[in-house]
Amino acid sequence: MKGGKAKTVSATKYNSKADLARRVKSGEFKIAVYGLGHVGSPLASVWLRAGAYVIGVDKSPRVLENAKKGKTHVPEPGVNEAFSKGLKDKRFYVYDDPVKASQNAHFKLICVPVLLTDSFSADLAAVKQVASAIGRGLKKGDVVSLNPSVPPGTSEDVVLPILEKESGLQAEWDFYMVYNPERIYEGRAIEDIEERYPAVIAGAGPKSLEIGSKLYSLVAKKGVIKMSSMRTAETEKLLEGVYRDVNIALANEMAKFCEKVGVDFWEAREAANSQPFCHIHKPGAGVGGACIPVYPHFVLHTADINKVECNITRLGRNVNDSMPAYCVDQAMKLLEGASVSQSTVTLLGLAFRGSVSDTRLSPTYKIIEELKKLKVKEIRVHDPLVASDPALPQDVMLTSNLSKAVQGADLVMLVSDHPEYRSLTQRELGGAPVYDGRGILDGSRFASGRFAAIGKPR
Ligand SMILES: NC(=O)c1ccc[n+]([C@@H]2O[C@H](COP(=O)([O-])OP(=O)(O)OC[C@H]3O[C@@H](n4cnc5c(N)ncnc54)[C@H](O)[C@@H]3O)[C@@H](O)[C@H]2O)c1
Ligand SMILES: CC(=O)N[C@@H]1[C@@H](OP(=O)(O)OP(=O)(O)OC[C@H]2O[C@@H](n3ccc(=O)[nH]c3=O)[C@H](O)[C@@H]2O)O[C@H](CO)[C@@H](O)[C@@H]1O
């Protein structure tokens with residue numbers, strides 16, 4: 001018997017999925033979600049929609065205040081409704097005390113962010129803090145789930161030891177731990193969890209895997225993919241992210257190649273992708289968001305420690321990181337000798353991609369930095385979904401009013417692929433020359449010599 005401890009709780013205590021579902025719906029098996037952000041809010045909602053009793057925990061007073069009113073700052077369809085119904089049914093509680101939440105809940109989901117430190121390693125501070133609080137409130141029979149994308153080994157080598165140390169309990173014998181990488185696409189998160197993807201689950205051991213799989217299969221209609229180890233499940237998610245980053249880098253490289261050899265990349269791409277094994281991604285003014293620019297660094301950092309070369313991953317990151325500067329360079333050519341220091345440049349889009357209001361690691365910030373290096377006179381940013389942003393330099397105007405944004409501008413650069421930008425014409429953009437950094441505008445609507453787009457020959 002591991003550690004000489006008696007086996008006190010069996011995962012098979014919850015004999016069947018039906019028994020577990022009954023306990024979840026009766027409130028006997030409460031769920032605590034730590035971090036009510038882009039991942040935690042939809043996850044809490046999914047459990048509320050399944051009839052569960054849910055405790056939402058966050059460190060931000062604003063997030064907690066909103067949640068108590070049945071609201072979220074995350075514009076995700078269905079979340080406000082799920083929170084409001086949960087409050088009305090007295091099945092949704094909001095806590096600022098993470099230890100108390102752990103004491104009162106049986107299934108705890110860690111949904112706090114894991115971003116990068118200044119040295120490009122994973123910043124696990126929030127995960128460690130939450131794991132420690134959960135450990136202090138952990139009881140026999142509880143289940144803990146880690147959900148953010150993390151470097152391989154984080155669950156086993158970082159989170160599990162904290163839980164065991166703080167609780168004095170032992171995984172697999174006293175409590176259970178699973179890793180479940182969240183795979184949602186912002187804007188359709190609830191649908192992704194409930195309908196679209198199977199949940200990927202790994203356990204600290206077979207009992208954890210068994211109870212974790214039963215739990216997640218209560219909300220994921222596509223069922224679960226059981227993995228042999230938490231390390232493999234952690235790596236699975238990084239593969240998804242690295243695949244996307246490297247493929248975007250390939251698209252960026254080929255777009256630049258096409259521009260130089262006088263070929264329309266977009267036309268070539270469409271034909272190439274009619275071959276079922278070819279999935280050329282889209283080139284663009286940069287790769288942003290809390291996921292795709294971050295996960296390759298988890299791989300690269302771990303690769304460095306283990307002395308493995310991951311050249312393609314590194315190169316892909318570098319190519320994508322160079323795109324904001326490349327696009328500024330291309331856009332500047334449209335000024336045709338006009339004084340850069342006398343020019344006003346309007347950027348369309350602050351969100352890291354179209355249809356979202358999330359600005360984390362948005363390429364727009366890097367474009368602003370490049371324009372500032374060139375000492376342009378004025379920078380304006382338009383976004384239909386982002387109303388304010390304290391991270392923008394004070395002298396950069398942000399507006400959701402397009403005419404105000406483009407009035408008197410000397411150059412317009414489209415950075416985010418918001419759908420409302422697609423049909424814009426030169427007149428609606430104030431007559432200024434336009435650089436399309438996402439290749440979504442119809443070039444035939446613009447005067448020749450006053451329009452350029454990524455992947456289009458000049
Ligand atoms: N955003 C996505 O689309 C997405 C998709 C899949 C996976 N992920 C993964 O999920 C992780 C979480 O991302 P997110 O987008 O939900 O982040 P987020 O910033 O939207 O939300 C995180 C929440 O956690 C809270 N928080 C931070 N530290 C805390 C602490 N110590 N205690 C309690 N609450 C704390 C914050 O106040 C915030 O409300 C990411 O790092 C990523 O690995 C994100
Ligand atoms: C494989 C995949 O779909 N993963 C998703 C991804 O979601 P996301 O919300 O980060 O969005 P993406 O679409 O990946 O965009 C990221 C950046 O790349 C730019 N881009 C994109 C495609 C392209 O062809 N050319 C580009 O230049 C785009 O403008 C933006 O800046 O990560 C989530 C967290 O892990 C996942 O859960 C989610 O499944």
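Just so you know, these numbers come straight off a predicted model, no measurement behind them. In each ligand, atom 1 is the first atom listed, and ligand 1 is the first ligand listed. Along the sequence shown, residues carry numbers from 1.
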(request) Check each heavy atom of Val130 against ligand 1 and say whether those closer than 4.0 Å belong to the side chain, the backbone, both or neither. (result) side chain
(message) Side chain or backbone, does Tyr185 bring an N or O within less than 3.5 Å of an N or O on ligand 2?
(response) yes
(request) For Lys237, counting its heavy atoms only, list the atoms of ligand 1 lying under 4.0 Å from any of them. (result) 6 (C), 7 (C)
(request) Please report the shortest heavy-atom distance between Ala251 and Ile280, naming the atom on each side. (result) CB-CG2, 4.3 Å
(message) As an exercise, identify every atom of ligand 2 less than 4.0 angstrom from a heavy atom of Arg183.
(response) 37 (O), 39 (O)
(request) Decide whether an N or O pair under 3.5 Å exists between Glu240 and ligand 2. (result) no
(message) Within ligand 2, which atoms have a heavy atom of Tyr295 less than 4.0 Å away?
(response) 34 (C), 35 (O)
(request) Using atom types as modelled and distance alone, determine if a side-chain donor or acceptor of Ser121 lies under 3.5 Å from a backbone N or O of Thr117. (result) no
(message) Please check whether Glu182 reaches ligand 2 - meaning an N/O of the residue sits under 3.5 Å from an N/O of the ligand, judged on distance alone.
(response) no
(message) Using a 4.0 Å cut-off to any heavy atom of Lys237, which atoms of ligand 2 qualify?
(response) 34 (C), 35 (O), 37 (O)
(message) Does ligand 2 come near enough to Gly288 that some N or O of the ligand is less than 3.5 Å from an N or O of the residue?
(response) yes
(request) Look at the aromatic rings of Phe451 and Phe446 and report parallel, tilted or perpendicular, splitting at 30° and 60°. (result) parallel
(request) Could you tell me whether ligand 1 has any atom less than 4.0 Å away from a heavy atom of Cys291? (result) yes
(message) With a 4.0 Å cut-off on heavy atoms, is Tyr185 in contact with ligand 1?
(response) no
(message) Regarding ligand 2, does Ser149 bring an N or O atom to under 3.5 Å of one of the ligand's N or O atoms?
(response) no
(message) Tell me whether Tyr197 has any N or O atom under 3.5 angstrom from an N or O of ligand 2.
(response) no
(request) Please state which part of Glu240 comes within less than 4.0 Å of ligand 1, counting heavy atoms only: side chain, backbone, both or neither. (result) neither
(request) Enumerate the atoms of ligand 1 whose separation from the nearest heavy atom of Glu182 is less than 4.0 angstrom. (result) 6 (C), 7 (C)
(message) With respect to Asp417, determine whether any N or O atom, backbone or side chain, lies less than 3.5 Å from an N or O atom of ligand 2.
(response) no
(request) Taking Asp383 for its side chain and Leu350 for its backbone only, find out whether a donor-acceptor pair lies under 3.5 Å. (result) yes
(message) Heavy atoms only, cut-off 4.0 Å: how does His38 contact ligand 1, side chain, backbone, both, or neither?
(response) both
(request) Would you confirm whether Arg445, through its side chain, and Ser423, through its main-chain N or O, come within 3.5 Å as a donor-acceptor pair? (result) yes
(request) Could you list which atoms of ligand 2 come closer than 4.0 Å to a heavy atom of Cys291? (result) 32 (O), 33 (C), 34 (C), 35 (O)
(message) Checking a contact table here: which protein heavy atom is nearest atom 34 (N) of ligand 1, and how many Å away?
(response) Lys59 N, 3.2 Å
(message) Between ligand 2 and Tyr243, can you find any atom pair, the residue atom being a heavy atom, that is separated by under 4.0 Å?
(response) no
(request) Answer yes or no for Gly286: is there a heavy-atom contact with ligand 2 below 4.0 Å? (result) yes
(message) I'd like to check whether Val114 has a polar contact with ligand 1, where a contact means an N/O of the residue lying under 3.5 Å from an N/O of the ligand.
(response) yes
(request) Indicate yes or no: does an N/O atom of Ile184 lie under 3.5 Å from an N/O atom of ligand 2? (result) yes
(request) Quick one: sort the Tyr421 and His382 rings into parallel, tilted or perpendicular, breaks at 30° and 60°. (result) tilted
